[in-house]
Novice: 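Have a look at this one.
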Amino acid sequence: MNQIALSKKEKLLIGLLLSAALFSRMDQLTSVVVFGVIPLAFIICFFGKERATDNKCFKFLSAILTWTLFTYFFSTYPELSITHLKKLLGTFLLSYCFCTIGSRQNKLSYLYLAYIFVFFAVIQYIFSHGLLNNFDYTSDRIASAEDSGMNANEPAYYSFFLVFSTFLIGETTIGKVKKICRYAFFLTIPISFAIALLTGARQTLVILLPSLLFLIILRYSFNSKKFNKIFVAFIIAIACLGPKIIDIYGTSTLASRADRDVKDDTRIELLKDAVDVGLAHPIVGVGPGCYVQWSKFYGFSHCSYTELFANSGAPAVILYILMLTFYLRTQFKRYRITRDRLFLVFLLFGFIFTVYNMFYVFYQALWMMAFFFLISMHSDIYYKEKYIINENYRQ
């Protein structure tokens, strides 16, 4: 995809990660991916020249994992903690791979391609498990059944990764591939709306669709010819499809959930319960992954911050918040120095990711958490290669 040729080692690593992404939701191959492909990629990366620890956000992740391992010795349910720690370790290994492989811009587009593969792996999972059988978007949410093996909001989160991956591939490639990717980005708009209808995910309305608009504005200036063409095409599409879209939305589960009062959302009770458990065990929590046994609702809290607090105490959640805060401050600082719009894209992602962490437990989700480090590494390498190295060369 890029103009710089890849070495045999780089091709092997990228092949491993693309394979892992493609087979990430296949029941028969999930164990092979988690316990075989990703550890193998990590070992190859570990003995390479690049180091993930060059990325400061990754240092925070290392500290979080270290503290979480320490809190294991205070676990109230050691078996649950072992399972939880395996997930965290997998997240650590994959994030390490993305930070090391993404140390040069010529490999970034392949890593974003992995998330397009993950999205289609999720869609394949939906079809192969019959989650669309007898599905009615006016009354159902996909994957709402307890035995579906998928959280109802997962496809919506992966559509968020799809949007940013497609957009950023269009920023990291050249020539015809760049042009194709930029056209393909517009396909994520109807895909996102379709996923919203299937999942009933309200975040698509309040976060993802506005983000799509923001990304388009960042890429095409208001006074450019391309923006004018896009605007005209948008008006025509609204005129032709608007009434139908409004009718579909109005009768959907998404619309009924969007109209629900925030006070009536069970998430509020989940958050309060997790905070209460954390306050009762403020230093080391009840043990990694153990909150589900302490919860009044017999499940996780759907929030990274409260889940970390309840499981591993205040130090864990403080480190996590510091990591996200550091990332946001870095992107804002880089934009202020360079006035480069790409840092606004990184900043937008960080803001959305921070908000999303209030509604889902990302820190233990293998592919979801690794995407944060891919974006973080992209920002680091882009800033280094375009502004620091070039500036030193000019001097």
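We use all heavy atoms of the structure for the numbers below, so side chains are in, but hydrogens, waters and symmetry mates are not. Position 1 is the first residue of the sequence, and the numbers go up from there.
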Novice: Nearest 0.5 angstrom please: Cys45 SG to Ile38 CD1, how far?
Specialist: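 Going from the SG atom of Cys45 to the CD1 atom of Ile38 covers 11.5 Å.
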
Novice: If you draw a 6.0 Å radius around CE in Met26, do more than 12 non-hydrogen atoms from other residues or ligands fall strictly inside?
Specialist: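 Yes.
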
Novice: Taking the six-membered ring for Trp, are Tyr110 and Phe117 ring centroids under 6.0 Å apart?
Specialist: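 Between Tyr110 and Phe117, the centre distance exceeds or equals 6.0 Å.
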
Novice: What is the ring orientation for Tyr327 with Phe349, classed by angle as parallel under 30°, tilted 30 to 60°, or perpendicular over 60°?
Specialist: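 The arrangement is perpendicular - the two ring planes meet at more than 60°.
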
Novice: What do you reckon, are the aromatic ring centroids of Phe161 and Tyr158 less than 6.0 Å apart?
Specialist: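 Yes, ring centres under 6.0 Å apart.
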
Novice: Run through Phe353, Tyr157, Phe160 and flag the one making a ring pair (Phe, Tyr, Trp, His ring centres under 6.0 Å) with Tyr360.
Specialist: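 The residue from Phe353, Tyr157, Phe160 that satisfies ring pair (Phe, Tyr, Trp, His ring centres under 6.0 Å) with Tyr360 turns out to be Tyr157.
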
Novice: Does Ser62 reach the main-chain N or O of Phe58 with its side chain, forming a donor-acceptor pair under 3.5 Å?
Specialist: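 Yes; at least one donor-acceptor contact below 3.5 Å.
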
Novice: Indicate yes or no: at least one non-hydrogen side-chain atom of Leu324 is less than 4.5 angstrom from one of Phe60.
Specialist: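 They are not in side-chain contact.
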
Novice: Is the shortest heavy-atom distance from the side chain of Val163 to the side chain of Ile191 under 4.5 Å?
Specialist: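 No; the side chains remain at least 4.5 Å from each other.
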
Novice: What closest approach, in Å, do Val317 and Tyr305 show between heavy atoms, and which atom pair accounts for it?
Specialist: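 Closest approach of Val317 to Tyr305, heavy atoms only: CG2-O, 3.3 Å.
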
Novice: Set out, in order, the CA-CA distance, both residues' side-chain angles and the distance that settles side-chain contact (heavy atoms from CB on, under 4.5 Å) for Thr172 and Leu111, then state yes or no.
Specialist: CA-CA 11 Å; Thr172 56; Leu111 299 181; over 6 Å; no

Novice: How long is the span from the CG atom in Leu113 to the CG atom in Leu17, to the nearest 0.5 Å?
Specialist: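 Here the interatomic distance stands at 11.0 Å.
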
Novice: Under 4.5 Å between any side-chain heavy atoms of Thr330 and Lys56, yes or no?
Specialist: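 No, every pair of side-chain atoms sits at 4.5 Å or beyond.
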
Novice: Yes or no on side-chain contact (heavy atoms from CB on, under 4.5 Å) for Ile195 and Ile123, after CA distance, side-chain angles and deciding distance?
Specialist: CA-CA 10 Å; Ile195 292 296; Ile123 299 302; 3.9 Å; yes

Novice: Quick one: does any side-chain atom of Ser301 pair with a main-chain N or O of Leu270 as donor and acceptor, under 3.5 Å?
Specialist: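 Absent.
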
Novice: Other residues, nucleotides and ligands only: do more than 12 of their heavy atoms fall within 6.0 Å of CZ on Phe351?
Specialist: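 Counting other residues, nucleotides and ligands, CZ of Phe351 stays at 12 neighbours or fewer.
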
Novice: So does Ala121 get a backbone contact from the side chain of Arg25, meaning a donor-acceptor N/O pair under 3.5 Å?
Specialist: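 No, the answer is negative, given that no donor and acceptor are paired below the 3.5 Å cut-off.
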
Novice: Rounded to the nearest 0.5 Å, what separates atom CG in Leu374 from atom CD1 in Ile101?
Specialist: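 Atom-to-atom, Leu374:CG and Ile101:CD1 are 10.0 Å apart.
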
Novice: Considering residues at least two apart in sequence or located in another chain, which fulfil the ring pair (Phe, Tyr, Trp, His ring centres under 6.0 Å) criterion with Phe309?
Specialist: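 Per chain and number, Phe309 pairs via ring pair (Phe, Tyr, Trp, His ring centres under 6.0 Å) with no residue.
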
Novice: Between Trp367 (side chain) and Ala21 (backbone), is there a donor-acceptor pair under 3.5 Å?
Specialist: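 No, Trp367 side chain to Ala21 backbone: no donor-acceptor pair under 3.5 Å.
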
Novice: Identify the heavy atoms of Ser192 and Leu212 that sit nearest to each other, and give their distance.
Specialist: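 Between these two residues, the closest heavy atoms are OG-CD1, 4.1 Å.
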
Novice: If you take all heavy atoms of Arg219 and Phe167, which pair is closest and at what distance?
Specialist: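 Shortest heavy-atom contact: NH2-O, 2.7 Å.
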
Novice: Hydrophobic clusters join Ile, Leu, Val, Met, Phe, Trp and Tyr when side-chain heavy atoms are under 4.5 Å apart, directly or via other members; which others share one with Ile246?
Specialist: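 Noted: Ile246 shares its cluster with no other residue.
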
Novice: Should the ring pair Tyr382 and Phe346 be called parallel, tilted or perpendicular, given that the plane angle runs from 0 to 90° and is split at 30 and 60?
Specialist: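 The rings of Tyr382 and Phe346 stand perpendicular, inter-plane angle above 60°.
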
Novice: Counting only heavy atoms not in Phe46 (residues, nucleotides, ligands), do more than 12 fall under 6.0 Å from its CZ?
Specialist: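 Not buried by this count: 12 neighbours or fewer within 6.0 Å.
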
Novice: For the pair Ser159 (side chain) and Ala156 (backbone), establish whether a donor and an acceptor sit closer than 3.5 Å, ignoring hydrogens and angles.
Specialist: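 Checking the backbone N and O of Ala156 against the side chain of Ser159, a donor-acceptor pair under 3.5 Å is found.
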
Novice: Let me check something: any side-chain donor-acceptor pairs from residues 83-91 under 3.5 Å, sequence neighbours excluded? List them with distances.
Specialist:
{"from": "Thr83", "atom 1": "OG1", "to": "Glu79", "atom 2": "O", "distance (Å)": "3.4"}
{"from": "His84", "atom 1": "ND1", "to": "Gln364", "atom 2": "OE1", "distance (Å)": "2.9"}
{"from": "His84", "atom 1": "NE2", "to": "Tyr363", "atom 2": "OH", "distance (Å)": "3.4"}
{"from": "Thr91", "atom 1": "OG1", "to": "Lys87", "atom 2": "O", "distance (Å)": "3.0"}

Novice: About how many Å separate OG of Ser81 and CZ of Phe73, when rounded to the nearest 0.5 Å?
Specialist: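 Those atoms lie 11.0 Å apart.
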
Novice: Can you confirm whether more than 12 heavy atoms, excluding those of Phe332, are under 6.0 Å from its CZ atom?
Specialist: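 Counting other residues, nucleotides and ligands, CZ of Phe332 stays at 12 neighbours or fewer.
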
Novice: Ring pair (Phe, Tyr, Trp, His ring centres under 6.0 Å) with His378: which of Phe98, Tyr383, Tyr112?
Specialist: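 Passing option: Tyr112.
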
Novice: Is any side-chain heavy atom of Leu344 closer than 4.5 Å to one of Leu348?
Specialist: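 Counting from C-beta outward, Leu348 and Leu344 never come under 4.5 Å.
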
Novice: Nearest 0.5 Å please: distance from the CD1 atom of Ile318 over to the CD1 atom of Ile64.
Specialist: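 Between Ile318 CD1 and Ile64 CD1, I get 11.0 Å after rounding to 0.5 Å.
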
Novice: Closer than 3.5 angstrom, by distance alone: can the side chain of Thr76 be matched with the main-chain N or O of Val286 as a donor-acceptor pair?
Specialist: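 A pair under 3.5 Å: yes.
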
Novice: List the atom of Cys181, the atom of Ile169, and the distance in Å for their closest heavy-atom pair.
Specialist: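 Result for this residue pair: SG-CG2, 3.2 Å.
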
Novice: Short question: side chain of Asp273, backbone of Lys296 - any donor-acceptor pair under 3.5 Å?
Specialist: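 Judged by distance alone, yes, a pair lies under 3.5 Å.
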
Novice: Show your reasoning for whether ring pair (Phe, Tyr, Trp, His ring centres under 6.0 Å) applies to Phe42 and Tyr96.
Specialist: CA-CA 7 Å; Phe42 169 78; Tyr96 186 97; 4.9 Å; yes

Novice: Would you check if the distance from the ring center of Trp294 to the ring center of Tyr291 is below 6.0 Å?
Specialist: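 Not close enough - the centres of the two rings lie 6.0 Å or further apart.
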
Novice: Is the number of heavy atoms from other residues, nucleotides or ligands within 6.0 Å of CZ (Phe186) greater than 12?
Specialist: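 Correct, the count exceeds 12.
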
Novice: When you measure from the side chain of Ser75 to the backbone N and O of Thr71, does any donor-acceptor pair fall under 3.5 Å?
Specialist: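 Between the backbone of Thr71 and the side chain of Ser75 there is no qualifying donor-acceptor contact (under 3.5 Å).
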
Novice: Taking all non-hydrogen atoms of both residues, which atom of Thr100 and which atom of Cys97 are closest, and how far apart?
Specialist: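 Shortest heavy-atom separation between Thr100 and Cys97 comes out as OG1-O, 3.0 Å.
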
Novice: Taking the side chain as every heavy atom from C-beta outward, state whether Ile283 and Phe74 have any pair of such atoms under 4.5 Å apart.
Specialist: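 Contact flag for Ile283/Phe74 side chains = no.
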
Novice: Within a radius of less than 6.0 Å around NZ of Lys9, do more than 12 heavy atoms belonging to other residues, nucleotides or ligands occur?
Specialist: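 Buried by this count: over 12 neighbours within 6.0 Å.
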
Novice: Could you walk me through whether Lys107 and Leu6 satisfy the side-chain contact (heavy atoms from CB on, under 4.5 Å) test, starting with their C-alpha distance in whole Å, then the side-chain angles of each, then the deciding distance to 0.1 Å, before giving a yes or no?
Specialist: CA-CA 8 Å; Lys107 293 175 283 187; Leu6 298 172; 3.6 Å; yes

Novice: Answer yes or no: is there a side-chain heavy-atom contact under 4.5 Å between Val275 and Leu279?
Specialist: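 Yes, their side chains come closer than 4.5 Å.
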
Novice: Who are the ring pair (Phe, Tyr, Trp, His ring centres under 6.0 Å) partners of Phe300, not counting sequence neighbours?
Specialist: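 Only His302 meet the ring pair (Phe, Tyr, Trp, His ring centres under 6.0 Å) criterion with Phe300.
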
Novice: With Phe362 as reference, evaluate Phe371, Tyr320, Phe372 under the side-chain contact (heavy atoms from CB on, under 4.5 Å) test and give the passing residue.
Specialist: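 It is Tyr320, the one option of Phe371, Tyr320, Phe372 that forms the side-chain contact (heavy atoms from CB on, under 4.5 Å) with Phe362.
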
Novice: Per the side-chain hydrogen bond (donor to acceptor under 3.5 Å, both in side chains) rule, what does the pair list look like for residues 178-187, sequence neighbours excluded?
Specialist: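 side-chain hydrogen bond (donor to acceptor under 3.5 Å, both in side chains) check on residues 178-187 returns Glu171-Arg182.
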
Novice: Output all residues satisfying side chain to side chain donor-acceptor pair (under 3.5 Å) with Ser95, sequence neighbours left out; order by chain, then residue number.
Specialist: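 For Ser95 there are no side chain to side chain donor-acceptor pair (under 3.5 Å) partners, ignoring immediate neighbours.
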
Novice: Are any side-chain N or O atoms of Glu10 and backbone N or O atoms of Ser7, one a donor and one an acceptor, separated by less than 3.5 Å?
Specialist: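 A pair under 3.5 Å: yes.
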
Novice: To the nearest 0.5 angstrom, please state how far the CD1 atom of Ile381 sits from the CG atom of Asn106.
Specialist: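 Here the rounded value is 9.5 Å.
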
Novice: Verify the cluster assignment for Val292 and Leu271: are they in a single hydrophobic cluster under the rule of side-chain heavy atoms below 4.5 Å apart?
Specialist: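 The answer is no; the residues belong to distinct hydrophobic clusters.
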
Novice: Before giving the answer on side-chain contact (heavy atoms from CB on, under 4.5 Å), spell out for Leu69 and Leu65 the whole-Å C-alpha distance, their side-chain angles and the decisive distance to 0.1 Å.
Specialist: CA-CA 6 Å; Leu69 286 169; Leu65 178 61; 4.3 Å; yes

Novice: Nearest heavy-atom pair of Tyr115 and Ser165: which atoms, and what distance?
Specialist: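 Closest heavy-atom pair between Tyr115 and Ser165: CB-OG, 3.3 Å.
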
